[in-house]
Every structure is written in C-alpha cells, then in structure tokens.
Number of protein chains: 2
Amino acid sequence: MPPKDKASPSSASVTIRDVARLAGVSPATVSKVMNNAPYVSEETRQTVRAAADKLNFRPNSIARSLKMSRTATLGLITDDLEGVFTMSMMRGVEEVVSAQGFSVFLCNSYGDAARERAHLEVLIDKKVDGVILISGYRVRQRGAPALPLGDIPVVYLYQYTDEAAVRCVVPDDFGGAVLGAGHLAGLGRRRIAVINGPAHYEATRHRLEGVQHALARAGVPFDAALVRAGKWYESSGYAAASDLMTLPAPPDALFCMSDSIAVGALGALHDLGVRVPQDVALIGFDNRSFAVHQRPPLTTVALPLVQMGRLAGDLLLKDIREGGSAAELYRVPCELVVRQSCGASRA
Amino acid sequence: MPPKDKASPSSASVTIRDVARLAGVSPATVSKVMNNAPYVSEETRQTVRAAADKLNFRPNSIARSLKMSRTATLGLITDDLEGVFTMSMMRGVEEVVSAQGFSVFLCNSYGDAARERAHLEVLIDKKVDGVILISGYRVRQRGAPALPLGDIPVVYLYQYTDEAAVRCVVPDDFGGAVLGAGHLAGLGRRRIAVINGPAHYEATRHRLEGVQHALARAGVPFDAALVRAGKWYESSGYAAASDLMTLPAPPDALFCMSDSIAVGALGALHDLGVRVPQDVALIGFDNRSFAVHQRPPLTTVALPLVQMGRLAGDLLLKDIREGGSAAELYRVPCELVVRQSCGASRA
DNA sequence: CAGACTTCCGAAACCGTTTTCCGAAACGGG
DNA sequence: CCCGTTTCGGAAAACGGTTTCGGAAGTCTG
C-alpha cells in the first residue's frame, strides 16, 4: 500500500478554484453547485461534487461572510455567567440556534455596563447577525443607556426593557404564582402566607397578584397581613417564617417566592418544632437544584428557563430571516413540580 | 439645530475607502494608521485618525480575518453545558480570553461524539484560532476518535486524553486529598474512612493516594478496610456511611470524595444519631454550592475551576501566538475550605 | 424554418481589508 | 554637489467566496 500522502486533512486549505480546476469547470459553477443553485446540469453537479469530495473541500465561511454580510453567528451577553439561571437559558438558546447552523459568541459582562458595551462593539465588529442579552437579575433597566447596535436584531432574555423594538422573554410569574397558590388552596389550606422578594422587582408584584387571583378564584380569603417582603435569600426566609409563625393566628401554608427563601423558612419551622407538611405546607419558587434535597423535598414552581432560551433563540432567528417583527413581551408559562412539602401525593 | 441626519450610527457601513477619501489619502495609508504601522508621518496620522473618528469608522473584522487568516476567535465545546462544574471553568476561560480581545464560540455536545464532531467542523469552517474542550465528567477518553482539526491548537479542560500534542488542564486531585486528609489528621482524627467514587476514574485513584500520603506523613495509620468505592451520588454516600458506622470499630472521620456523597453520609449519620463533628468529622470534595447550607456546613476541598479555566485560556492563547508548545498535563492545586463539619474553627 | 424561450456555463466584478513593491521626496555624508 | 539611505505614500494584488450578465446551445411554437 502506497503511503497516503494526500491524506484527508488536505494539507493547506483547498479553495473553490482548486475544485473548479479538478472538475474542469469555472469557480462560479462550483459555487452554484455548493449552494444548490439552479441552472447547472445534473451531470456537472455530480462531477463537481466528486471533485469537492476528493479534495475534501470545505468552503471558507469567512470569505462567504464577507461577500454575503451574513455570518450565521449570534452574540450572547450575560450579566452573570455563573448565575444559577444562566446556564439553562444558555442551553436552550444553544440548542435551537446550533440546530439551525448558527454559532454563538459567549460574553460575560459581570453586570458592568462598560464591559457590556465593549463586548457589544466587538460583536458588531465581528458582524454577528443578532444578539441575545441575558440577565441573571430581573431588574428592569429603565434608564439604561441605549445599546450601540445598528439595526442588529436583539432579544432580551430574563430582562425587561423600555427600549423600543426589542423583544423580551420572561417567565410568567403571575401564572406561576397562580399555579402554586392554586395547589395550596386545592389542598385545603386556608391561611396562606406569602414570603416575597424585594418590592422593586417586577416579579415580586406579579407573583403576589397571581396569588391573589388564585385565592379569589378558589374562594380562599387573602389576608394582606400574611404577606412579607424581603430579600431573595435564605436569611430573609428564616426571619419572615419565624415572624409569621408566632402570630396569634399563624398561617397553615407558606408560599415562598424563591427556593432559597423556602429553605430558610424550613429552617425556622424546624427550629420552632412545626411539622412540614402536617402543620404547615411549604412551597418554593424557581426549582433550584437543592429543592429536591430538602427534608421534606420542596414542592416548587419551576422557572421555564430552557424553554425561555429556546424561545429567545427562535425569535431572534426568525427576526434575522424575516426582518423586523414588532417588539413584544413573551411570558413563558411556569410549571408546578410537586414534591412532599405540601402533603400532596405526586401527580 | 439642524436634524443630525448623519448620526453617529453611520448609516451603512463605512469602509476604509471612505476614510481615505475624506482624509485625502489612499486606503493603504489608512490601513497603516489603523494598525500603527511605521513610515507614515505624524501629520497624516492625525488627519486619518480625525477622518476615521468623524465617520465613526470601525474596521470590518471579517475582511481582516479573510486576509490575515486569524480571527481572534476561539471555540469552546462542552460535554454538558448544564454540568455543575462547567460554568465556572467557562468563566475562567472567558475572563482571560476576552481580556486579550478574543471571542469564544460556545458549543454544547451533550457528550455525543457525533455532535462534537459536527461542532468542530463548524468551528474549523469558521476558522477559529484554537479550541478548548471541556468535559463535565472526568472520564479518560482513551480510544476517542481523533478530532478533525488540522493544526489548530487545542487544550483539554477537566479531561485527560492520550492524543499526542494536546495540553490538558485538570485539578490536582492528589494534592486536594492531601489537604483534606491532613486537615482531619491535624484535628486528631485517627480512624479516617474514605467514601470514594467509581474506581475507573483517575480522580478516584489519585485522591485515595493523596489520603494515604497525608496519613503516612502525619503518622496516622491507614486502614484499607475503611475505604469504600461507589457512585458520586448521595445515595452512595448514605449506604457507605451506614455501613461504616455499624462496623465493630467505626471511623471517627469520613472523607467523602464528593459533596453529594457527603450530604448522603450526613443523612446517614443523622439517622444513626451520631453527631457531626463531635463523634465523627465529615469532609467533602468539590465545594458545591449546597455544601455551605448543610447542617453543619460542610468542610470541603474546592476544585479550582475558575483557575483551571484561566490557565486553559492562557495556554491556548500562548500556543496561538507562539506556536506549538509540547503536550503537557497541568494539575491545578485545590483549596481547602474549612467550615464546621470537622470541628475546626475557621482559619 | 424563423423566432422566442429556456437551460447551462464562465468572465469578471465585488465584498473590505492587508501587504508588497515601487517611486518620490527628504536627508546626510563625503 | 552628488549619491546613498531613510522616510513617506499609493497602486495593485491578494484573501476565497458569490453574483450579475452575457453568450452559446438546445427546445418549443406557429
């Protein structure tokens, strides 16, 4: 067997001209074949394909991009690459986008506007076809400085904005809260307390409204005295739960608006000797990874992070292909995941 | 005030020719100015800069890449985008790499070789300057199919390989285990049990060797009967701990080779009524986010994930600039994070 | 059989840079 | 004053594709 010197890795890069030469046609024809353009006979098509295969030809997408001013590339800028919600959203984006032949640039802004801007400029220079901005935080950036994008389509993920003509994808906090509160009410709980996050979050307000809505629908009274607002963290849950349970008429259910709050509350309940779920039902929000490891495992309403990512990717791709769709706010439905902390059997 | 029709976003894209025209020089000169090339007078330099600023000129990096065959772009392929260790490594990579003006393409292979290959081909077509492969799993891919990269530099992150001429960055499992076992020994524990992961992992072996080394150095006897191998998961920790604690001569310390194992063990100890850390000291590995939330909070040896990512990025960049450095295995030192589960006061 | 289409293919321009190479001007030394 | 060197600037050729346009040949009509 002779040494296979012309091995598959095909020494330097083989261009469309090399293929043309081997196939005995012009570069233009090769281009047409590679792009399945019409008006080339089946015969030459075969010849060209054979030549391309033989030479192991791979079109240089840089050159293509230069001519076409389309790169099949997206930018993805996140506030917080290590944020607990970021990964799942990114996975959703990557999934739909790479299935369509697009690649995505990953950028981490650390929540710093200057860094975000710098990344954006690089992305623009690299001629991305679109940009997704992920925020780990749900803050609304009302007065945020306008981004230096030209007419590059953008979608915001897990982030609200007032900017014109940009699409936002967020979880349906209202609906999620309806799910959770409805579950509690369906289980016969009558005095349902809410331990919420900081008041300035959109989510906080929407979730509270969701609870009210669900309770009203179920005919369960809503007692505003049973609502607490604090931080999203554990300590806040501990404090609020301790407070609520020492009320003259304590609640029989705690709806915690984050799983962290819920584990804090769980700690408080444990310390007070109240049993979960017998004495008090407990439900969290977010479906964090640790929720399932609590004792008892935490019922919680799951954020549809992967779906949100998928939707964001789809929206962006559609916008790139079909051009300027209107700004819109997409709320992706949450899902209730039933575990033991409310006393319901698993569905 | 007249309408600022020639607004800063500079309608279409302004090219080097536009700048040249405005500055009254040739495109070649503009290029030289933009790249700080020598042999252009300070005067024209100024003129050109002014023109560029005025037109808001941003060089088209696609065109530049075409000519230079350098894209300032890296590919990053991960086994498991949602893996618990992935994010931190990615952050490390992104951090050093974007500081040097490089962008990174994010790809998720879901551990599927075909998908990995497909991503790799896209990356090559897009002419990335280098590739990093992250594995969420520590498996050694001995017979892994050769990757279809030409002479593009690669570094493996959190992954061993036998392929020639590729650099690997992994945690120093041996050193980490020495740290943990040394801590236990220093606290006066004499019967130190090990709950390890599956035997076929490199890490499993290295960590066990680390324990033996540390114990020998501290003059603490090593009892092979106190070693258990199982899965990395909680259930495995529960079973092994239950088993160990019902031995005639139970251990006074448990070195769990993952935090998941440790929380399983913690559950077993709790159910058996043995107190942590009074009766038994417990130490985990990985420094997972939930370690701090255990009761008692878990002492653990932290994986240097961000540092590993940084190192991988640095190595790749160096290789890109300086060309073919030799294959090497880099072990990044772990760090002991002391909490309450061993009874030590915080350092 | 003439004329109108249709199909097939290639020459050449183009996308926006970088870089080589060459000529002109300025400068310095003998 | 003449002849090397530098210094400065531009024309033109890449880089590797795509696309327009026109010509040649073949296929229908009537």
Side-chain angles (χ1 to χ4, degrees), chain A residues 10-49 51-52 55-73 101 122 124-129 150, chain B residues 10-49 51-52 55-73 101 122 124-129 150:
Chain A
S10 66
S11 53
S13 71
V14 19
T15 79
I16 211 172
R17 266 165 252 271
D18 300 322
V19 178
R21 197 171 318 124
L22 178 60
V25 299
S26 77
T29 302
V30 177
S31 174
K32 283 170 192 158
V33 172
M34 299 316 283
N35 296 313
N36 293 315
Y39 296 141
V40 25
S41 74
E42 191 52 34
E43 193 188 333
T44 51
R45 224 175 262 281
Q46 302 289 354
T47 317
V48 169
R49 288 242 170 73
L55 293 180
N56 212 320
F57 170 67
R58 310 238 50 184
N60 179 333
S61 59
I62 298 287
R64 185 203 304 259
S65 297
L66 179 58
K67 188 81 213 310
M68 316 275 281
S69 51
R70 256 134 155 290
T71 52
T73 295
V122 171
I124 291 172
D125 289 348
K126 294 210 166 150
K127 304 293 180 213
V128 296
D129 294 331
Chain B
S10 65
S11 53
S13 71
V14 18
T15 79
I16 213 172
R17 260 167 257 272
D18 300 323
V19 178
R21 197 171 316 126
L22 179 59
V25 299
S26 77
T29 303
V30 177
S31 174
K32 283 168 192 159
V33 171
M34 299 315 283
N35 297 315
N36 292 314
Y39 296 141
V40 26
S41 73
E42 192 52 35
E43 193 188 334
T44 51
R45 224 175 261 282
Q46 304 289 353
T47 317
V48 170
R49 288 242 171 72
L55 294 180
N56 210 320
F57 170 68
R58 310 237 49 187
N60 179 333
S61 59
I62 298 287
R64 183 202 305 258
S65 297
L66 178 59
K67 190 79 214 316
M68 316 273 281
S69 49
R70 273 319 230 32
T71 52
T73 294
V122 171
I124 291 172
D125 290 348
K126 295 208 167 154
K127 304 291 179 215
V128 295
D129 294 330

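Here is how names work: the chains are called A, B, and so on, in the same order as the sequence lines, proteins then strands, and each is numbered from 1.
- Remark: side-chain polar atoms of A:Lys126 are not paired, donor with acceptor, to backbone N or O of A:Thr71 under 3.5 angstrom.
- Contacts of A:Thr15 with the nucleic acid, taken as non-hydrogen atoms under 4.0 Å apart, involve only primed sugar atoms and P, OP1 or OP2.
- When each of B:Asn35, B:Val48, B:Val40 is paired with B:Val30, the side-chain contact (heavy atoms from CB on, under 4.5 Å) condition holds for B:Val48 and for no other.
- Here salt bridge (charged side-chain N to carboxylate O under 4.0 Å, His left out) pairs that include residues 18-29 of chain B, with residues two or more places apart or in two chains, are B:Asp18-B:Arg21.
- Comparing B:Ala28 and B:Leu66 by the nucleotide of DNA chain C that holds the closest heavy atom to each, the one mapping nearer the 5' end is B:Leu66.
- Residues that satisfy the salt bridge (charged side-chain N to carboxylate O under 4.0 Å, His left out) test with B:Asp129, not counting sequence neighbours, are absent from this structure.
- Considering every non-hydrogen atom in both B:Leu66 and A:Ala63, the closest pair reads CD1-CB, 3.8 Å.
- Atom CZ of B:Arg21 is separated from atom P of D:dG10 by 14 Å (rounded to the nearest Å).
- In this structure, the CZ atom of A:Phe57 is 10 Å from the P atom of D:dG16, given to the nearest Å.
- Between A:Met68 atom CE and D:dC15 atom P there is a gap of 21 Å when expressed in whole angstrom units.
- Contact check, B:Asn60 against C:dC15: no side-chain N or O comes under 4.0 Å of OP1 or OP2.
- Across the interface with DNA chain D, nearest-nucleotide mapping of A:Pro27 and B:Pro27 shows B:Pro27 to be the residue nearer the 5′ end.
- Not a single donor-acceptor pair, N or O on each side, falls under 3.5 Å between the base of D:dG16 and the side chain of A:Arg64.
- Following rounding to the nearest Å, B:Arg58 (CZ) and C:dT17 (C1') show an atom-to-atom distance of 15 Å.
- Put simply, NZ on A:Lys126 is 15 Å from P on C:dT17, counting in whole angstrom units.
- Remark: P of C:dG16 and CG of B:Asn35 are 17 Å apart, rounded to the nearest angstrom.
- As judged by a 4.0 angstrom heavy-atom cut-off over every strand, B:Met34 is placed among residues making no nucleic acid contact.
- Side chains of A:Ser26 and A:Thr29: a donor on one and an acceptor on the other come within 3.5 Å.
- For A:Ser65 (side chain) and A:Ser61 (main-chain N/O), a donor-acceptor pair under 3.5 Å exists by modelled atom type.
- The distance from atom CZ of B:Arg17 to atom P of D:dA12 is 13 Å, rounded to the nearest whole Å.
- Remark: P of D:dT7 and CD of B:Glu43 are 18 Å apart, rounded to the nearest angstrom.
- For B:Lys67 against C:dT17, no side-chain N or O and base N or O form a donor-acceptor pair under 3.5 Å.
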Report, one pair per line, the protein and nucleotides 5-9 of chain C atoms (nitrogen or oxygen only) whose separation is under 3.5 Å.
unit_1 : atom_1 : unit_2  : atom_2 : d
C:dT7  : OP2    : A:Tyr39 : OH     : 3.1
C:dC9  : OP1    : A:Ser41 : OG     : 3.3
C:dC9  : OP1    : A:Thr44 : OG1    : 3.4
C:dC9  : OP2    : A:Ser41 : N      : 2.8
C:dC9  : OP2    : A:Thr44 : OG1    : 2.9

